[in-house]
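The structure presented is a predicted model; accordingly, all values stated were derived computationally and were not measured. In what follows, chains carry the letters A, B, and so on, assigned in the order in which the sequence lines appear, proteins first and then strands, with residues in each chain numbered from 1.
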Number of protein chains: 2
Amino acid sequence: MSDPRLTPLAASLPAKVPFVGPEAQERTRGRRFAARLGANESVFGPSPRAVQAMADAARDTWMYGDPESHDLRHALAAHHRIRPANVMVGPGIDGLLGLTVRLYCGPGTPVVSSAGAYPTFDYHVAGFGAAMHKVPYREDAEDPEALIATAAEVGARLIYIANPDNPMGTWHDAATVSRMIDAVPDGALLLLDEAYVEFAPEGMAPPIDPDDPRVLRFRTFSKAYGLAGARVGYVIGAAEQITAYDKVRDHFGMSRVSQAGALAALADAEWLAHVQAEVAATRERIAAIGRACGLTPLPSATNFVTLDCGADGAFARAVLAALTERDVFVRKPFAPPEDRCIRISCGTPADLDLLERALPEALAAAREGAAAT
Amino acid sequence: MSDPRLTPLAASLPAKVPFVGPEAQERTRGRRFAARLGANESVFGPSPRAVQAMADAARDTWMYGDPESHDLRHALAAHHRIRPANVMVGPGIDGLLGLTVRLYCGPGTPVVSSAGAYPTFDYHVAGFGAAMHKVPYREDAEDPEALIATAAEVGARLIYIANPDNPMGTWHDAATVSRMIDAVPDGALLLLDEAYVEFAPEGMAPPIDPDDPRVLRFRTFSKAYGLAGARVGYVIGAAEQITAYDKVRDHFGMSRVSQAGALAALADAEWLAHVQAEVAATRERIAAIGRACGLTPLPSATNFVTLDCGADGAFARAVLAALTERDVFVRKPFAPPEDRCIRISCGTPADLDLLERALPEALAAAREGAAAT
């Protein structure tokens, strides 16, 4: 029996993580992964200037971090040519999405997302008892028109879309996203998750109109800036929506070291360009490795490539299991029909050498398994 | 008008920080503080081994931190001779208190704390719409019997007490706390905030009975371990209560660098002993500085000393303002009659030299101000 002191909502929630971490898998397996290609982390690492800034800040970490993240917030405002009042820094997009759901959703509040989209958003929606309405992907991309239509139909408070998309890597152009913003129904708020925006083609993201109250845009230092372990994200929006985070956030919750790292990373445009070039080249190599095995790489505007394994979800799961056995950590989409794919993060040349050896073996093993059943 | 998309609860909440950070005060003043004695941070710093571990981990921060905080959780379990299932690591006691209120309280749920106790707990209680019932301090200490009596009277779900107490520095002995735990009414849960426990007399904390479902004990690396800016706290409790955090926490929210720092800090018992000795000596010096000015130092089991300014809250506020003008950052209790005091964190010898010069001037300025009105 559940603890009777829990709220009815808390009692109803499962105690589980949206993703199992690679370290947990390693402990279960009793063996380390040789290639860590499952979490869309940046193997190219953070800027050396960010590493140095974090090392320097370590000595000062007896002090709480600035609860206003003043320097980082002002640097972000300058970077995006907006006002500091249009930016809130928080503990990663994950943390900011949680606060956003808390601000706008109570039990039963309708919310719209795509079936198979980012599960941590679903986790927060469930965590506050809101009612999720799912829209299918269309040709391996999220479907802006269907998301808007469903939002209008159910009276959604929040609409979630990632552009570029995770886990498929596909994207919509600026005109499409602008049309989507213009079509947000009254009473709804569009959450535009742009975690991978730095890897996308120039001009994919519509210009930032910071005073538009219909959309909140989420960005992160976890991907292109290589600071996933530092937990620094930010949200751009109209001042009134940004101020609302001060109602519920953990004001002293931003690590001092992480703030220093993000500030230095943002200033190092050269390193960002280096990572972008590495990612672009690595995507080509992953696609080639896939093609050489007869798989179809999806186009990607992210730091990963999703490979269509050409059969059903069970087959792709078998491929993934066989890669795991070969010490390659990857993940895959959860929902059919996108679950026929596996998702491979950009790795080092050594990581991809291993992938190149392991993938044909894994496919063979999966085919043998399929033939045997 | 408030954003109509906010939940009614969110719309009703003020957008404000429970404490203004010293950096924000510095920006308002246009001048840095010369002595940072207001946030009970550890000027003695973290263990050099923790600093090194954080600097080393900075390079690896392209990877998400382990969402299970496995190594740290297991080290804490060994340290306290309990099972890992009895410990949850989280982003500071602040973050863990927020999750705890979320798990156990909805709109109107009765909660009991002391008038003038830790305001961040109040912030979370208000943030989830719960109903706070306040009990006065008794002789400058929290009043366990009154807290329990009020909890029984109002049917409280949560009862909060800090031992040692912040902002007064006073404490209760193990027998008193054990009696309090035994008296927790059915349906209630005691939140025992032991942020300052490492500074308290040996034997002040009752032995940990990790399977007791009536109490959750909160500890932190922010105080004695000198890692306030790293955001690492933990809660000890029965396995069922600990598992409940997995329903709502931000699983990937723990900084990789911070986990590494806390793990190294926990292993350095020698540094902890050094800090404890420094704090004990510094408390004596703060008390002596206060006495030399005619103020009464309260006994302290923490890393700060609360000085009774001998008059009312307005006078103590004037003293605090005059210290601020003299570049000394301190804070003070909010609620009468405890607000007649100021609270001074242990500082470096240079910090206390400045305090020794500034305090008599600040008292004189406050007395002049009082005489003039």
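- With a threshold of 4.5 angstrom between heavy atoms, P213(A) approaches chain B through its backbone and through its side chain.
- Nearest approach of E68(A) to R249(A), heavy atoms of both residues: CA-NH2, 4.3 Å.
- With chain B as partner, the option from R157(A), R231(A), R59(A) having the largest number of non-hydrogen pairs under 4.5 angstrom is R231(A).
- Chain A forms more heavy-atom pairs under 4.5 Å with one residue of V43(B), V20(B), D56(B) than with any other, namely V43(B).
- Within the 4.5 angstrom heavy-atom criterion, no atom of Q259(A) approaches chain B.
- Classified by interplanar angle (parallel below 30°, tilted 30° to 60°, perpendicular above 60°), the ring pair Y160(A)/Y118(A) is parallel.
- Looking at A188(A), only its backbone comes within 4.5 Å of chain B, counting heavy atoms on both sides.
- Residue with the most contacts toward chain A among K223(B), Q52(B), H70(B): H70(B) (heavy-atom pairs, distance under 4.5 Å).
- Of the listed residues E41(B), K16(B), M254(B), the one with more heavy-atom pairs under 4.5 angstrom with chain A than any other is E41(B).
- In this structure, CD on E23(B) lies 8.5 Å from CZ on F329(B), to the nearest 0.5 angstrom.
- Under the side chain to side chain donor-acceptor pair (under 3.5 Å) rule, S345(A) has a single partner from N40(A), T282(A), N303(A), which is N40(A).
- With a 4.5 Å cut-off on non-hydrogen atoms, R27(A) touches chain B through its side chain but not through its backbone.
- With a 4.5 angstrom heavy-atom cutoff, V232(A) does not touch chain B via any of its atoms.
- Contact of R5(A) with chain B is made through backbone and side chain together, with heavy-atom distances under 4.5 Å.
- Heavy-atom distances place no part of A50(A) under 4.5 Å from chain B, backbone and side chain included.
- Neither the backbone nor the side chain of A53(B) comes within contact range of chain A; no heavy atoms are under 4.5 Å apart.
- Among the candidates D66(B), D250(B), D94(B), L13(B), the residue making the largest number of heavy-atom pairs closer than 4.5 Å to chain A is D66(B).
- The shortest heavy-atom contact between T109(B) and Y104(B) is CG2-O, 3.9 Å.
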